[in-house]
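Proteins come first, then strands; the chains are lettered A, B, ... in the order of their sequence lines, and each starts at number 1. Scope of the values below: all heavy atoms of this structure, side chains included, with no hydrogens, waters or symmetry mates. Keep in mind it's a predicted model, so treat the numbers as computed, not measured.
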There are 2 protein chains.
Amino acid sequence: MVEQTARLDTVFHALSDGTRRGMLQALEGGEKAIGDLARPYAMSFAGASKHVRVLEQAGLVRRRISGRTHYCSLDAARLREANEWLRRYERFWGDRLDILDNLLRQEDEANNT
Amino acid sequence: MVEQTARLDTVFHALSDGTRRGMLQALEGGEKAIGDLARPYAMSFAGASKHVRVLEQAGLVRRRISGRTHYCSLDAARLREANEWLRRYERFWGDRLDILDNLLRQEDEANNT
DNA sequence: TATTAACTAAACTATATGGTTGAACAAACT
DNA sequence: AGTTTGTTCAACCATATAGTTTAGTTAATA
């Protein structure tokens, strides 16, 4: 699990830019070409393409090449890892929801044994 | 809510460094002096101090000065915001836990009305 | 075959980042 | 008063980042 921390570095870094977060949101609707992802931004195409690359290298986005167009889709596994990391702090903003949630989580771990 | 995105930028950026994440974890146990936070790292004191500052400016850490020593403590509100942002993607890794979780969340919103 | 469209790659610029060192400062200790 | 401790600040360095522009590749279209 040594690489876990390096992965979190790159995932959180990828998320630290509004353009990239916007692209992830755009992908919620399903697969999109890089051109479509780039269009909303006042930025060169090449610039947007570099953002996609950052997302891809962080493992947040998968790329499928078909002909000349590159289709991107969400890959949520790493987002989940980031979320798990944050969850550790739930108890610091904790309300009853999170208490319930933790109970369920423990139960889940028990089932996974 | 325009500054929300800028805040997420700085929060995710603050989280993108292992040293800073480590410091947050150290603060789970409660308030700590900057010297204590710095000690575990093979880094100059001034370097570590700069990391603390990044955490502080991202709103993840509060600072209380008493005499010559600066005590830091977790401030989870921004972590919560980051977590909320990530939660949007729950359905992409969704398992039954998250379904339950969403139900509870909706119930909570109803109660907050 | 020539052109256009969807991309990447490379080279470059400006700025941010993570780190260092050395100096400064206020507070506690002798 | 002098020293040590906990900390910041400023200057500096190397590297990374976000952006640009221009050139190149591959695929669809006329």
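With a heavy-atom cut-off of 4.0 Å to chain A, the contacted part of DNA chain D has its first and last nucleotide at D/dT17 to D/dA28.
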Would you tabulate the pairs of protein nitrogen or oxygen atoms and nucleotide nitrogen or oxygen atoms of nucleotides 23-30 of chain C closer than 3.5 angstrom?
unit_1, atom_1, unit_2, atom_2, d
C/dA27, N3, B/R68, NH1, 3.0
C/dA28, O4', B/R68, NH1, 3.4

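Side-chain contact between A/D75 and A/V61 is absent, with no heavy-atom pair separated by less than 4.5 Å. Side-chain atoms of A/L79 and B/F92, non-hydrogen and from C-beta on, never get closer than 4.5 Å to each other. B/L27 is listed as a side-chain neighbour of B/C72, based on a closest heavy-atom distance under 4.5 Å. When side chains are defined from C-beta on, B/L24 counts as touching B/L60, because their heavy atoms get closer than 4.5 Å.
Ion pairing of A/E56 with A/R62 is absent here, as no side-chain N (NZ or NE/NH1/NH2) approaches a carboxylate O to less than 4.0 Å. With respect to the salt-bridge test (charged N to carboxylate O, under 4.0 angstrom), the residues B/E28 and A/R88 qualify.
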* Go through the steps to decide whether A/K50 and A/M43 satisfy the test side-chain contact (heavy atoms from CB on, under 4.5 Å), and finish with yes or no. => CA-CA 11 Å; A/K50 279 166 88 172; A/M43 184 188 303; over 6 Å; no

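A straight line from CG of B/D9 to P of C/dT15 spans 19 Å, rounded to a whole angstrom. One atom, NZ of A/K50, and another, P of C/dA10, lie 12 Å apart when rounded to the nearest Å. For the pair A/R53 CZ and C/dA10 C1', the computed distance is 12 Å after rounding to whole Å. With rounding to whole Å, A/H70 atom NE2 is found 7 Å from C/dC7 atom P. In this entry the distance linking CZ of A/F12 with P of C/dT17 reads 17 Å, nearest Å.
Ring geometry for A/W85 against A/F12 counts as perpendicular: the plane angle is over 60°, on a 0 to 90° scale with 30° as the lower cut.
Among the atoms of the strands shown, base atoms are found under 4.0 Å from some heavy atom of A/G47. Across all strands, B/A46 comes closer than 4.0 Å to base atoms (heavy-atom distances).
For the pair A/T69 and A/D17, nearest-nucleotide mapping onto DNA chain D gives the more 5' position to A/D17. Each of A/R20 and B/V52 lies near DNA chain D, and the nucleotide nearest B/V52 is the one positioned closer to the 5' end.
For A/T5 and B/R21, the side-chain atoms include at least one donor-acceptor pair closer than 3.5 Å.
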